[in-house]
> 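Below you will find the structure I want to go over with you.
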Amino acid sequence: MLFMEFSRCCEQLEGLSGRLEMIDVISRELPGLSADELPIFVRFVMGRIFPDYSQTKLGIGPNLLYEAIGYVAGVRKEGVVEKINATGDVGQAVEELLAIKSQTTFFHEELDIVRVYSELNAIALQEGKKSQREKLLAVRRLLGNAHPLEARYLARIMLEELRIGVGEGSVREAIAKAFGVEVALVEHAMQALNDLGEVARLAKLGPDTLKDVRITLFHPVRMMLAQAGTIADMIREHGQIAAEFKYDGSRFQFHKKGNWCRMYSRRLEDVTGALPDVIEKLLGATDHDVIIDGEVIAIKDGHPMPFQSVLRRFRRRHDVAGASAEIKLVPNVFDILYLDGVTLIDLPLSERRKKLDSVINFFVAPQVVSDDQKVIEKTYLSALDGGHEGIMLKVLSSPYSPGQRGRNWIKIKPEVDTLDLAVIGAEWGEGKRAHIFGSFLVACQSEGKLVAISRVATGFSDEQLAEVFDLLKDTVTAHSGKEVTFEPTLVFEIGYSEIQTSPTYKGGFALRFPRFVRIRDDKDIVDVETLESVFDRHQRQSKTGQAPAQN
């Protein structure tokens with residue numbers, strides 16, 4: 001497939017508003033693609049380059065891209081930034097700039113999607129002192145061979161923000177429709193492979209190929225997620241439920257085969273090298289080949305330390321031994337996905353727990369099973385007394401659903417309700433904060449797009465604002481007066497007192513008394529709250545006739 005054909009497909013999708021129409025367009029494209037093209041097309045159309053589980057990162061920030069665009073378009077970098085500010089979109093900006101340039105350019109080397117992927121992969125593999133220079137030259141070459149329309153989508157793909165509204169759910173249904181297989185089969189294969197591109201390639205071979213997909217070691221899958229809820233509702237709906245402590249730490253996924261192991265963060269980053277003490281503990285906890293799910297917490301004087309203490313260890317790349325002595329980390333294992341060559345995610349929680357207890361000798365998180373509300377409430381109070389966040393309630397008959405946020409896992413905690421939201425914009429501060437961002441625009445996700453639902457300006461210390469500024473300053477894509485727009489890279493946990501309907505924000509809701517709680521750099525943009533979930537919270541809140549409880 002020529003990259004121009006891909007670009008025209010994206011242009012068509014960008015002009016559609018209906019999800020079913022998008023599914024039709026994508027499903028018509030898929031059957032004609034080769035085995036090499038199919039995975040690339042699927043990832044590209046979702047604005048991704050590499051599989052979700054991959055540790056490979058492109059390593060191209062907005063500034064490097066702007067510099068390359070300026071060179072190819074024959075304008076200064078400042079002119080590129082001005083054009084992006086005027087259009088609000090790097091893709092449209094580069095298209096317009098190259099449209100002017102192309103009037104004096106008579107040769108383009110034709111690009112196809114396999115070549116584009118190969119060159120992007122080569123860029124990602126550049127390392128060493130000269131890597132940024134080499135990346136810049138490679139981006140120039142790619143953009144130099146791109147027609148204006150191709151450049152629109154090429155630039156967006158490089159920033160992994162395609163902005164055409166195609167979400168994973170739509171692509172999943174398009175794959176099923178294109179190859180005549182059940183959506184459930186596609187979803188199940190995605191849960192195991194964590195790569196819809198590879199799932200599409202297998203779907204083309206037929207349903208039996210999808211049925212044979214299994215979880216494999218050292219190929220991390222997304223972690224199962226929880227929703228907010230109540231003890232009473234869970235018991236009423238399910239009778240006996242499992243209650244476990246909700247830890248204020250960082251999720252991990254531990255893969256072990258023999259004496260070889262790797263550990264992955266919630267964002268599926270390999271953090272093995274940063275956590276040798278935790279690795280040693282888990283290696284000594286079992287003789288089996290396993291994939292286990294758990295949470296690491298920091299302990300001092302026998303009590304849990306704040307979440308940020310754990311993150312400092314996860315981020316650590318230097319003086320790991322010194323950090324290990326300073327901050328003691330303890331793993332808490334609560335689920336098992338794979339055991340000695342067998343995938344377990346389809347088993348009910350009750351059976352997975354029995355297997356977990358039988359093969360993991362230490363660090364298994366305590367669990368209480370009961371249909372008595374008083375027993376569950378006692379477990380909840382015990383968790384709080386121990387310095388933990390609260391409890392998790394889990395349906396005993398539920399499978400492990402990678403990447404899914406459903407009603408099978410419910411979180412119970414006492415503080416103000418919170419949402420994990422993407423930071424998409426900001427305003428410059430005033431007075432002593434005039435040199436940094438003072439308030440932020442945050443968004444949830446809906447059908448592959450981020451939609452704003454609040455601004456947040458309270459809850460930050462001066463040190464936190466300085467940290468956020470350092471994290472976001474190089475991701476600015478546009479500015480207008482005091483306002484700036486970011487390529488979404490950062491997730492905030494935002495506390496609120498109530499969700500209100502509002503025409504002010506695109507999502508149709510607004511948060512009452514929003515307050516910054518913490519940076520969730522253990523989470524990626526795909527992990528932020530969905531608009532559907534925000535709607536559900538609003539509905540539950542309305543039924544109770546009151547806002548969620550506050551401290």
Side-chain angles (χ1 to χ4, degrees), residues 46-48 52 156 159-172 190 194 196 221-229 250-251 265-269 307 311 314 389 401-407 409-411 413 415-426 437 439-457 459-460 464 468 471-472 475 477 485-496 499 502 505-511 514-538 548:
M46 294 189 294
R48 301 171 192 171
D52 289 350
R156 290 180 183 174
L159 294 176
E160 296 192 273
E161 182 66 21
L162 200 58
R163 299 188 180 190
I164 62 174
V166 175
E168 185 177 294
S170 297
V171 176
R172 187 169 59 238
M190 173 58 185
N194 207 10
L196 266 180
V221 299
R222 296 178 190 171
M223 298 174 191
M224 188 168 172
L225 306 173
Q227 290 185 358
S250 285
R251 285 284 288 278
S265 70
R266 182 169 185 152
R267 298 176 68 170
L268 306 186
E269 296 168 323
F307 169 79
L311 279 191
F314 268 68
E389 277 195 312
S401 303
Q404 300 299 308
R405 186 188 300 277
R407 298 286 297 170
W409 285 14
I410 295 296
K411 52 189 174 184
K413 53 182 185 177
E415 63 260 45
V416 174
D417 269 7
T418 63
L419 293 168
D420 295 322
L421 301 170
V423 186
I424 60 172
F437 306 128
S439 67
F440 302 88
L441 184 65
V442 291
C444 61
Q445 57 178 317
S446 176
E447 296 296 332
K449 295 182 179 180
L450 293 172
V451 292
I453 62 169
S454 185
R455 288 190 179 274
V456 59
F460 299 93
Q464 287 170 326
V468 171
L471 291 170
L472 292 175
T475 68
T477 59
T485 302
F486 304 119
E487 285 297 331
T489 58
L490 193 63
V491 177
F492 281 173
E493 182 177 355
I494 302 296
Y496 64 93
I499 297 174
S502 171
Y505 298 106
K506 191 174 181 180
F509 295 98
L511 303 182
R515 182 178 180 83
F516 171 79
V517 177
R518 58 184 172 179
I519 297 171
R520 292 305 305 253
D521 51 2
D522 62 323
K523 292 192 174 185
D524 214 336
I525 298 301
V526 297
D527 297 320
V528 301
E529 206 79 31
T530 64
L531 186 58
E532 180 183 17
S533 177
V534 172
F535 175 78
D536 287 343
R537 288 190 184 211
H538 177 262

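All figures in this text were calculated on a predicted structure; none of them were measured in a lab.
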> If you draw a 6.0 Å radius around CZ in F535, do more than 12 non-hydrogen atoms from other residues or ligands fall strictly inside?
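No - once you tally the heavy atoms of other residues, nucleotides and ligands closer than 6.0 Å, there are 12 at most.
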> Can E493 and T418 be said to form a side chain to side chain donor-acceptor pair (under 3.5 Å), step by step?
CA-CA 6 Å; E493 182 177 355; T418 63; 3.0 Å; yes
> For I164 versus K449, what's the shortest heavy-atom pair and its separation?
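Taking every non-hydrogen atom into account, C-CE, 4.1 Å.
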> Does atom CD (E532) have a neighbourhood of more than 12 heavy atoms from anything else shown, all under 6.0 Å?
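No - once you tally the heavy atoms of other residues, nucleotides and ligands closer than 6.0 Å, there are 12 at most.
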> Kindly indicate whether the side chain of T485, heavy atoms from C-beta on, has any atom under 4.5 Å from the side chain of I424.
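Side-chain contact under 4.5 Å: no.
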> Measure the spacing between CG of L421 and CG of L511 and express it to the nearest 0.5 Å.
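One gets 6.5 Å once the value is rounded to the nearest 0.5 Å.
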> If we only count heavy atoms from C-beta on, is the L472 to L490 side-chain gap below 4.5 Å?
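Yes, at least one pair of side-chain atoms sits under 4.5 Å.
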> Could you tell me which non-hydrogen atom of V517 sits nearest to which non-hydrogen atom of G495, and how far apart they are?
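Nearest heavy atoms, V517 then G495: CG2-N, 3.5 Å.
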> Quick check on the 6.0 Å ring-centre criterion: do F440 and F460 meet it?
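Here the rings of F460 and F440 have centres that are less than 6.0 Å from each other.
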> Atom CG in D527, atom CD in Q445: separation rounded to 0.5 Å?
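Between D527 CG and Q445 CD, I get 8.0 Å after rounding to 0.5 Å.
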> So, for Y505 and A452, which heavy atoms are closest and what is the spacing to 0.1 Å?
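So the minimum-distance heavy-atom pair works out to CB-O, 3.1 Å.
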> Which value, rounded to the nearest 0.5 Å, describes the distance between D52 atom CG and R48 atom CZ?
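D52 CG to R48 CZ: 4.5 Å, rounded to 0.5 Å.
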> Would Q227 and K411 count as a side-chain contact (heavy atoms from CB on, under 4.5 Å) if you check the C-alpha gap in whole Å, the side-chain angles of each, and the deciding distance to 0.1 Å?
CA-CA 6 Å; Q227 290 185 358; K411 52 189 174 184; 6.0 Å; no
> So do the side chains of V442 and R455 get within less than 4.5 Å of each other, counting heavy atoms only?
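The answer is no, as the side chains (C-beta and beyond) never meet within the 4.5 Å cut-off.
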> Taking salt bridge (charged side-chain N to carboxylate O under 4.0 Å, His left out) as the test, write out the residues that go with R172, two or more places apart.
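By the salt bridge (charged side-chain N to carboxylate O under 4.0 Å, His left out) rule, R172 matches E168.
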> Side chains of T477 and F486: closer than 4.5 Å at any heavy-atom pair?
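Not touching, per the 4.5 Å side-chain cut-off.
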> For a quick test of reading the model, state the closest non-hydrogen atom pair linking L196 to M190 and the distance between them.
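Nearest heavy atoms, L196 then M190: N-SD, 3.5 Å.
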> Checking E487 against R163 for the salt bridge (charged side-chain N to carboxylate O under 4.0 Å, His left out) test, could you report, in this order, the C-alpha distance in whole Å, the side-chain angles of both residues, the deciding distance, and whether it holds?
CA-CA 11 Å; E487 285 297 331; R163 299 188 180 190; 3.5 Å; yes
> Determine the minimum heavy-atom distance between I499 and R537, stating which atoms define it.
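In terms of heavy atoms, the two residues are closest at CD1-CB, 3.6 Å.
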> Can you find a heavy atom in the side chain of T475 that is under 4.5 Å from one in the side chain of L159?
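No, too far: nothing below the 4.5 Å cut-off.
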> For V528 versus A443, what's the shortest heavy-atom pair and its separation?
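Closest heavy-atom pair between V528 and A443: CG2-O, 4.4 Å.
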> Under 4.0 Å between a Lys/Arg side-chain N and an Asp/Glu carboxylate O for D522 and R251?
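Judged by the 4.0 Å cut-off on N to carboxylate O distance, D522 and R251 do not form a salt bridge.
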> Calculate, to the nearest 0.5 Å, the distance between atoms CG and CZ belonging to D420 and R520 respectively.
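That separation rounds to 5.0 Å.
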> Can you tell me how far apart CG (L162) and CE (M46) are? Round to the nearest 0.5 Å.
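Between L162 CG and M46 CE, I get 10.5 Å after rounding to 0.5 Å.
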> Heavy-atom distance under 4.5 Å between the side chains of S446 and T530, does that happen here?
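Heavy-atom side-chain distance check fails, nothing below 4.5 Å.
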> Using atom types as modelled and distance alone, determine if a side-chain donor or acceptor of R267 lies under 3.5 Å from a backbone N or O of D521.
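A pair under 3.5 Å: yes.
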> For D524 and V491, run side-chain contact (heavy atoms from CB on, under 4.5 Å): C-alpha distance rounded to whole Å, both residues' side-chain angles, the deciding distance at 0.1 Å, then the answer.
CA-CA 7 Å; D524 214 336; V491 177; over 6 Å; no
> If you apply the rule side-chain contact (heavy atoms from CB on, under 4.5 Å), what do you find for R515 with I494, and how did you get there?
CA-CA 6 Å; R515 182 178 180 83; I494 302 296; 5.9 Å; no
> To the nearest 0.5 Å, how far apart are CG in L419 and CD in E529?
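It is 5.0 Å, given to the nearest 0.5 Å.
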> Report yes if the side chains of L441 and V423 come closer than 4.5 Å at any heavy-atom pair, otherwise no.
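Not touching, per the 4.5 Å side-chain cut-off.
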> Are the side chains of L225 and W409 in contact, using a 4.5 Å heavy-atom criterion?
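Not touching, per the 4.5 Å side-chain cut-off.
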